[in-house]
Amino acid sequence: MKKKILCVYSNKYTFVAKDIKLLQDKYEVIEFGFPTHPKWKTPFILIKQFFFMLYWMPQVKATVSMFPGYHTILPSLFTKLFNTKSSIILAGFDCYSFPSINYGIFNQGLLKKIAIFSCKNATNLVVVHESMINSAYTYDNSDSDRQGIKHFIPELNKEIIPMYYGYESDRFFNKNESRIPNSFVTISIDISGSTFYRKGIDMILKVAEKLPDYTFTIIGKTKDIAFDIPKNVTILPPVPYNEVNDYLNKYEFYFQLSMAEGFPNALCEAMMSGCIPIGSDVFSIPYIIDNTGFILPKRDVDELVKVCNSAVNADKNNLSKLASKRIIENFPVTRRQNELIELVEKLINHK
């Protein structure tokens, strides 16, 4: 019989569902989803979670929470009450503060206090990249020049374990077919509001105006397009996950011009699909790209023009192959699964 573990999350994003599926190979995973919207439901969901925890906590051997938030308040208390070990996986938002774009849990008032409480009461913490612990930030000077969980909670005395995401080479792969010449693409869950700036959509629109001979595609959800779109920019609605690889194989370059990221899945999937990466010099992005693409050191449009021109004149065929190889060899899904299981076993056997 499989051991029971509890997994708590706010929204079941694709990468959350993937982690749960990986854990289900070895454990019986008891799930509790805590939707963040609408806000008025939060007190009622807390009541529901209280009775859920009361029933399941005596039966589970460990608890894994995806990010800190309202959904980790009760698990933090119940794991102490039942002496059950727990881990919180931090993915990006929960380690940063960027007031200029209203991003990061340490810019969120009450959520900041909840994050500090939850992290201090966990047995250990997981970050998807080392840069999320405490690192210098030089890409843009609008906010703090240091970011990371230990920067915002300096008194935090917990083991912090780096654990990269993993990817399936049979889902995303380079078809080695002809691509649209001098074409650039990016994918974002949303391209409006603060995400417009965090994901660098504004930078793409500005650079497109300066490079009219290149084509740019932005894939993402937007309620109303409240910005001017250059003629060489196409905006597409969200693409079903099982069709993303087909789209990515049409383009030569992939933009990841974010102001803040944890370990961007879209970038890795695009590289596996053979897109040559162009990324901002923030957190895990330079590490992921390595020598397979191009890094934008500063949030500057003129610098981005230079990077794009360098990219289109590079050995694109070779870089495309290197990008695919980089992700396939260094970030396989099997590695992620083994490390997740090792994490849970460590919790179960913790003295």
Side-chain angles (χ1 to χ4, degrees), residues 10-11 13-16 36-37 67-69 90-109 111-112 115 127-129 131-132 135-149 151-152 165 184-208 216-229 233 235-236 238 254-270 277-289 295-301 303-304 307:
S10 52
N11 299 302
Y13 300 109
T14 301
F15 54 92
V16 171
T36 54
H37 297 287
F67 337 122
L90 309 174
F93 175 83
D94 30 37
C95 294
Y96 307 146
S97 176
F98 289 88
S100 67
I101 54 173
N102 192 31
Y103 182 79
I105 206 165
F106 292 99
N107 181 50
Q108 300 294 319
L111 270 178
K112 172 183 176 179
V127 291
V128 295
H129 190 256
S131 59
M132 296 166 57
S135 61
Y137 185 86
T138 59
Y139 180 64
D140 185 79
N141 60 7
S142 301
D143 300 293
S144 173
D145 61 359
R146 294 207 71 85
Q147 297 286 336
I149 189 73
H151 173 68
F152 295 109
Y165 285 126
F184 300 76
V185 67
T186 195
I187 298 175
S188 177
I189 294 176
D190 191 0
I191 60 173
S192 58
S194 64
T195 309
F196 178 76
Y197 299 99
R198 183 174 74 85
K199 290 289 187 178
I201 306 300
D202 61 319
M203 294 283 288
I204 295 172
L205 296 178
K206 289 175 183 176
V207 82
F216 301 83
T217 300
I218 301 169
I219 301 174
K221 182 179 65 177
T222 181
K223 296 176 183 176
D224 297 298
I225 298 177
F227 44 85
D228 294 329
I229 304 173
V233 174
I235 297 182
L236 299 177
Y254 186 84
F255 276 136
Q256 190 71 56
L257 301 177
S258 309
M259 291 178 65
E261 287 287 353
F263 200 93
N265 288 286
L267 170 63
C268 295
E269 291 164 355
I278 298 174
S280 50
D281 188 12
V282 303
F283 305 109
S284 65
I285 293 176
Y287 173 73
I288 293 170
I289 293 176
I295 300 297
L296 178 66
K298 294 285 184 180
R299 195 170 186 274
D300 180 271
V301 176
E303 284 296 319
L304 183 55
V307 169

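All values below come from the heavy atoms of this structure, side chains included, with hydrogens, waters and symmetry mates left out.
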(request) Report yes if the side chains of T195 and I189 come closer than 4.5 Å at any heavy-atom pair, otherwise no. (result) no
(request) Could you tell me whether the side chain of F184 reaches within less than 4.5 Å of the side chain of V207, counting heavy atoms only? (result) no
(message) Could you walk me through whether L267 and I289 satisfy the side chain to side chain contact (heavy atoms under 4.5 Å, CB included) test, starting with their C-alpha distance in whole Å, then the side-chain angles of each, then the deciding distance to 0.1 Å, before giving a yes or no?
(response) CA-CA 9 Å; L267 170 63; I289 293 176; 4.2 Å; yes
(request) Identify the two heavy atoms, one from I285 and one from G279, that lie closest to each other, and give their separation to 0.1 Å. (result) CG2-CA, 3.8 Å
(request) Answer whether the closest heavy-atom distance between the side chains of F196 and I101 falls below 4.5 Å. (result) no
(message) I'd like to know if the side chain of D143 and the backbone of S100 have a donor-acceptor N/O pair within less than 3.5 Å.
(response) yes
(message) Can you tell me how far apart CD1 (I295) and OG (S280) are? Round to the nearest 0.5 Å.
(response) 7.5 Å
Would you mind writing out the side-chain donor-acceptor pairs for residues 102-109 within the sub-3.5 Å range, not counting sequence neighbours?
{"residue": "N102", "atom": "OD1", "partner": "N107", "partner atom": "ND2", "Å": "3.2"}
{"residue": "Q108", "atom": "NE2", "partner": "G104", "partner atom": "O", "Å": "3.3"}

(request) Enter the distance from C95:SG to H129:NE2 here, rounded to the nearest 0.5 Å. (result) 12.5 Å
(message) I want to check something: taking the side chain as every heavy atom from C-beta on, are K199 and Q256 in contact at a cut-off of under 4.5 Å?
(response) yes
(request) Mark yes or no for whether Y96, through its side chain, and E261, through its backbone, hold a donor-acceptor pair below 3.5 Å. (result) yes
(request) Would you check if F283 and Q147 make a side-chain contact, meaning some heavy-atom pair closer than 4.5 Å? (result) yes
(request) Take Y254 and I187 through the test side chain to side chain contact (heavy atoms under 4.5 Å, CB included) and record every step on the way to the result. (result) CA-CA 9 Å; Y254 186 84; I187 298 175; 3.7 Å; yes
(request) Work out which heavy atom in S258 is nearest to a heavy atom in Y139; give both atom names and the distance. (result) O-CE2, 3.8 Å
(message) Quick one, S284 and V128 - any side-chain contact, counting heavy atoms below 4.5 Å?
(response) no
(message) Quick check against the 3.5 Å criterion: does K298 have a side-chain atom that pairs as donor or acceptor with the backbone of T138?
(response) yes
(request) Supply the atom-to-atom distance L236 CG to T217 OG1, rounded to the nearest 0.5 angstrom. (result) 6.0 Å
(request) Verify whether the ring centers belonging to F93 and F67 lie closer than 6.0 Å. (result) no
(message) Would you say that P68 contacts L90 through its side chain, given a criterion of any heavy-atom pair below 4.5 Å between the two side chains?
(response) yes
(message) Could you work out, with side chain to side chain donor-acceptor pair (under 3.5 Å) as the rule, every residue matching D202, not counting sequence neighbours?
(response) R299
(request) Measure the spacing between CG of D145 and CG of D140 and express it to the nearest 0.5 Å. (result) 12.0 Å
(message) Just verifying a value: how many Å separate L257 CG and L304 CG, rounded to the nearest 0.5 Å?
(response) 5.5 Å
(request) Please work out which of the three classes, parallel, tilted or perpendicular, describes the rings of Y137 and F98, given edges at 30° and 60°. (result) perpendicular
(message) Check whether D190 reaches the backbone of S192 with its side chain - one donor and one acceptor, N or O, closer than 3.5 Å.
(response) yes
(request) Could you give me the CA-CA distance, side-chain angles and deciding distance for L296 and F255, then say whether side chain to side chain contact (heavy atoms under 4.5 Å, CB included) is met? (result) CA-CA 10 Å; L296 178 66; F255 276 136; over 6 Å; no
(request) To the nearest 0.5 angstrom, please state how far the OG atom of S97 sits from the NZ atom of K112. (result) 7.5 Å
(request) Taking the side chain as every heavy atom from C-beta outward, state whether L205 and I218 have any atom pair closer than 4.5 Å. (result) yes
(request) Show your reasoning for whether side chain to side chain contact (heavy atoms under 4.5 Å, CB included) applies to Y165 and C268. (result) CA-CA 9 Å; Y165 285 126; C268 295; over 6 Å; no
